Engineer: 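So that we are looking at the same thing, I have put the structure below in structure tokens.
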Amino acid sequence: MKPAIDYIQQCFSDYNRLYFNNQLPIIPIVLSNAKTFMGQLSYRIRRPFLAKNEYYDFRLKISQQFDYDEQELKDTILHEMIHYYIAYNNINDTSTHGRVFRNIMNDLNTKYGHHITISHKSTLEERLRLAGTKPTKRVFAVIELTNGKTCIKVVSRSVHHIKEMSRRLDRAQQVLSYKWYFSTETFFNMFPSSVYY
């Protein structure tokens, strides 16, 4: 199913009542064209001197690039609502998906039969579909590692980025060898460009 704002708002309202004691103020819901996430809670942070951070301007974003089953969409909404609950109440956690997040997630999954996870694992078919079919010029390195594995690193076509990646690969102890290639195959569209190893 494709996400719709009315449906997301109804889920948000129901879950706020059922699981969060109506503590979460209604926030804008935005349908996104993002291919890198299914859901995202965005907000701004004020960092007052000698005081706790203040979180504000919350937004719930749901990508319309994915074809969700109903449970998957509901779990995505709940995942982001957990982030909202933690940030809105200014609760310290050990990391983005730290101990507090995982305790709430596990509680909702166990008590109410949800299947909330830390992240979504895309299938190869899904990644290829999201990458698009338009040929794009890509530069990538095929890297042989000392543990016998092979990996691919796509970089920007900028000479500076290629040189920087080569420098990093030359210094990395776990890199046995690497070779640079150029391609317009759409398969490489699903790899993000990077200058980091």
Side-chain angles (χ1 to χ4, degrees), residues 1-16 19-20 24-46 53 55-88 93 95-98 100-102 104-105 108-109 114-140 151-158 161 165 183-197:
M1 73 186 280
K2 290 293 181 184
I5 288 182
D6 289 348
Y7 182 81
I8 298 166
Q9 287 172 332
Q10 185 60 56
C11 287
F12 182 96
S13 178
D14 291 345
Y15 295 152
N16 193 19
Y19 309 135
F20 300 101
L24 302 176
I26 294 170
I27 56 175
I29 294 171
V30 178
L31 293 180
S32 163
N33 286 317
K35 297 177 182 178
T36 55
F37 64 80
M38 295 176 84
Q40 182 183 70
L41 177 74
S42 66
Y43 50 83
R44 295 174 187 242
I45 305 174
R46 282 188 201 95
N53 290 342
Y55 301 89
Y56 68 101
D57 198 16
F58 292 96
R59 282 182 170 60
L60 174 59
K61 298 177 184 177
I62 301 292
S63 174
Q64 55 191 349
Q65 293 293 320
F66 295 85
D67 188 16
Y68 304 84
D69 64 44
E70 188 174 7
Q71 188 63 52
E72 190 173 43
L73 180 55
K74 288 179 175 180
D75 291 336
T76 300
I77 295 164
L78 265 173
H79 177 114
E80 302 311 325
M81 288 182 75
I82 297 170
H83 284 305
Y84 182 28
Y85 176 82
I86 291 169
Y88 180 75
D93 202 352
S95 66
T96 304
H97 296 107
V100 175
F101 182 96
R102 288 171 188 262
I104 297 170
M105 177 186 76
L108 291 173
N109 286 341
H114 290 287
H115 306 287
I116 307 161
T117 58
I118 297 300
S119 64
H120 170 73
K121 301 293 184 204
S122 300
T123 63
L124 177 60
E125 293 79 17
E126 190 173 51
R127 291 194 306 273
L128 287 170
R129 181 185 62 77
L130 291 172
T133 56
K134 180 182 175 185
T136 306
K137 296 175 183 175
R138 305 301 298 270
V139 174
F140 62 95
C151 59
I152 295 173
K153 194 67 168 171
V154 178
V155 299
S156 154
R157 290 184 293 147
S158 151
H161 288 163
M165 180 58 74
S183 178
T184 57
E185 288 291 324
T186 56
F187 172 79
F188 294 101
N189 291 359
M190 69 178 157
F191 292 92
S193 292
S194 175
V195 294
Y196 303 105
Y197 176 70

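In this text, all values refer to a predicted model and were calculated from it rather than measured experimentally.
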Engineer: Would you please indicate if the ring centroids of Tyr19 and His114 are separated by under 6.0 Å?
Structural biologist: yes
Engineer: Would Asp57 and Tyr43 count as a side-chain contact (heavy atoms from CB on, under 4.5 Å) here? Give the steps.
Structural biologist: CA-CA 5 Å; Asp57 198 16; Tyr43 50 83; 5.8 Å; no
Engineer: Does the side chain of Met105 come within less than 4.5 Å of His97's, by heavy atoms?
Structural biologist: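 SC-SC contact between His97 and Met105 ruled out.
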Engineer: Enter the distance from Lys61:NZ to Asn33:CG here, rounded to the nearest 0.5 Å.
Structural biologist: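 These two atoms lie 11.5 Å from each other.
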Engineer: Take Tyr84 and Phe12, measure what side-chain contact (heavy atoms from CB on, under 4.5 Å) needs, and give me the verdict at the end.
Structural biologist: CA-CA 11 Å; Tyr84 182 28; Phe12 182 96; 3.7 Å; yes
Engineer: Over all heavy atoms of both residues, which pair between Met1 and Glu70 is shortest? Give the atoms and the distance, please.
Structural biologist: SD-CA, 3.6 Å
Engineer: Is the shortest side-chain heavy-atom distance between Glu72 and Asp75 below 4.5 Å?
Structural biologist: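 No. Closest side-chain heavy atoms not under 4.5 Å.
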Engineer: Can you list everything that forms a side-chain contact (heavy atoms from CB on, under 4.5 Å) with Gln10? Sequence neighbours excluded, please.
Structural biologist: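 Once residues adjacent in sequence are excluded, the partners of Gln10 under the side-chain contact (heavy atoms from CB on, under 4.5 Å) criterion are Asp14.
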Engineer: Of the non-hydrogen atoms in Pro3 and Ser63, which two are nearest, and what is the gap between them?
Structural biologist: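 For Pro3 versus Ser63, the nearest heavy atoms are CG-O, 3.6 Å.
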Engineer: Can you tell me how far CD1 of Ile116 sits from CG of Asn109, rounded to the nearest 0.5 angstrom?
Structural biologist: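 Going from CG on Asn109 over to CD1 on Ile116, the span is 4.5 Å.
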Engineer: Could you tell me whether the side chain of Tyr88 reaches within less than 4.5 Å of the side chain of Pro25, counting heavy atoms only?
Structural biologist: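 Yes. Closest side-chain heavy atoms under 4.5 Å.
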Engineer: Would you call Ile27 and Arg59 a side-chain contact if the rule is heavy atoms closer than 4.5 Å?
Structural biologist: no
Engineer: Might you work through the side-chain contact (heavy atoms from CB on, under 4.5 Å) test for Tyr7 and Lys2, ending with a clear yes or no?
Structural biologist: CA-CA 10 Å; Tyr7 182 81; Lys2 290 293 181 184; over 6 Å; no
Engineer: Counting C-beta onward and ignoring hydrogens, is there a side-chain heavy-atom pair between Phe37 and Thr76 closer than 4.5 Å?
Structural biologist: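 Of all side-chain heavy-atom pairs linking Thr76 with Phe37, none is under 4.5 Å.
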Engineer: Sequence neighbours left out, what passes salt bridge (charged side-chain N to carboxylate O under 4.0 Å, His left out) with Arg102? Give chain and number order.
Structural biologist: none
Engineer: If you round to the nearest 0.5 Å, how far is CG of Leu24 from OG of Ser13?
Structural biologist: 11.0 Å
Engineer: Taking atom NZ of Lys137 and atom CZ of Arg157, what is their separation to the nearest 0.5 Å?
Structural biologist: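 If we round to the nearest 0.5 Å, Lys137:NZ and Arg157:CZ are 5.5 Å apart.
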Engineer: How many angstroms lie between atom CZ of Arg138 and atom CD1 of Ile152, to the nearest 0.5 angstrom?
Structural biologist: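 If we round to the nearest 0.5 Å, Arg138:CZ and Ile152:CD1 are 11.0 Å apart.
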Engineer: For the pair Phe20 and Leu78, evaluate side-chain contact (heavy atoms from CB on, under 4.5 Å) and give the outcome as yes or no after the intermediate values.
Structural biologist: CA-CA 11 Å; Phe20 300 101; Leu78 265 173; 4.1 Å; yes
Engineer: Considering residues at least two apart in sequence or located in another chain, which fulfil the side-chain contact (heavy atoms from CB on, under 4.5 Å) criterion with Asp93?
Structural biologist: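 Asp93: side-chain contact (heavy atoms from CB on, under 4.5 Å) contacts with Ile86, Arg99, Val100, Phe101.
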Engineer: For Thr96 and His83, which heavy atoms make the closest approach, and how far apart are they?
Structural biologist: O-CE1, 3.4 Å
Engineer: With the side chain counted from C-beta on, respond yes when Ile62 and Tyr68 share a heavy-atom pair under 4.5 Å apart, and no when they do not.
Structural biologist: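 Ile62 reaches Tyr68 side chain to side chain.
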Engineer: Can you tell if the side chain of Ile5 reaches within under 4.5 Å of the side chain of Leu31, non-hydrogen atoms only?
Structural biologist: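 Yes, their side chains come closer than 4.5 Å.
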Engineer: Are Asn16 and Ile26 close enough that some pair of their side-chain heavy atoms sits under 4.5 Å apart?
Structural biologist: no
Engineer: Measure the CG-CG distance between Leu73 and Asp67 for me, rounded to the nearest 0.5 Å.
Structural biologist: 10.5 Å
